Amino acid sequence: MKITKKEVEHVALLARLKFSEEEKETFVKQLSGILGYVEKLNEVDTSNIEPTSHVIKMQNVFRDDVVTDSLPREKALSNAPDKTEKFFRVPKIIE
């Protein structure tokens with residue numbers, strides 16, 4: 001399928017984009033190439049192919065939830081730039 005310069009200009013107008021004449025010509029060539037490739041893909045017989053969401057088989061890689069001890073407060077606060085004995089200190093944002 002061949003894209004025309006007028007169609008590129010129309011899409012650019014809809015997207016509120018401005019292109020130079022050279023850029024428009026580049027887009028005509030690139031978009032025509034892309035649509036030509038899609039036409040080739042449409043020629044492939046996929047009637048016996050089951051639809052999939054991924055090309056390769058996917059499997060869940062989550063680990064099991066295991067209850068463990070929390071991070072000690074002292075260690076959590078150790079690198080804080082500003083802290084009190086028990087809490088992180090942050091700048092006041094509500095006046």
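Because the structure is predicted, anything quoted here is derived from the model rather than measured. All values below were derived from every heavy atom in this structure, side-chain atoms included, with hydrogens, water molecules and symmetry-related copies excluded.
Atom-to-atom distance recorded for Leu31:CG and Lys29:NZ is 12.5 Å, nearest 0.5 angstrom. Within the model, atoms OG of Ser32 and CD of Glu7 stand 8.5 Å from one another, a figure rounded to the nearest 0.5 Å. The CZ atom of Phe87 lies 14.0 Å from the CG atom of Asp82; values are rounded to the nearest 0.5 Å. Distance CZ/Phe27 to CD/Gln30: 6.5 Å, rounded to 0.5 Å. To the nearest 0.5 angstrom, Leu77 atom CG is 7.0 Å from Thr84 atom OG1. Taking NZ from Lys86 and CD from Glu74, the interatomic distance works out to 11.0 Å, rounded to the nearest 0.5 Å.
Judged by distance alone, the side chain of Thr52 and the main-chain N or O of Val55 form no donor-acceptor pair under 3.5 Å.
Surrounding CG of Asp64 are at most 12 heavy atoms belonging to other residues, nucleotides or ligands under 6.0 Å away. Counting heavy-atom neighbours within 6.0 Å of Asn42 CG, excluding the residue itself, gives a total above 12. When the shell of 6.0 Å around CD of Glu22 is examined, it contains 12 or fewer heavy atoms from other residues, nucleotides or ligands.
When hydrophobic clusters are built by joining Ile, Leu, Val, Met, Phe, Trp and Tyr residues whose side-chain heavy atoms come closer than 4.5 Å, directly or via intermediates, Leu17 is grouped together with Val8. In the hydrophobic clustering of ILVMFWY residues, with side-chain heavy atoms under 4.5 Å counting as a link, Val28 and Leu35 come out together.
Closest approach of Phe88 and Ala76 over heavy atoms only: CZ-O, 3.6 Å.
Checked for salt-bridge contact, Glu21 and Lys24 meet the test: a charged N lies under 4.0 Å from a carboxylate O.
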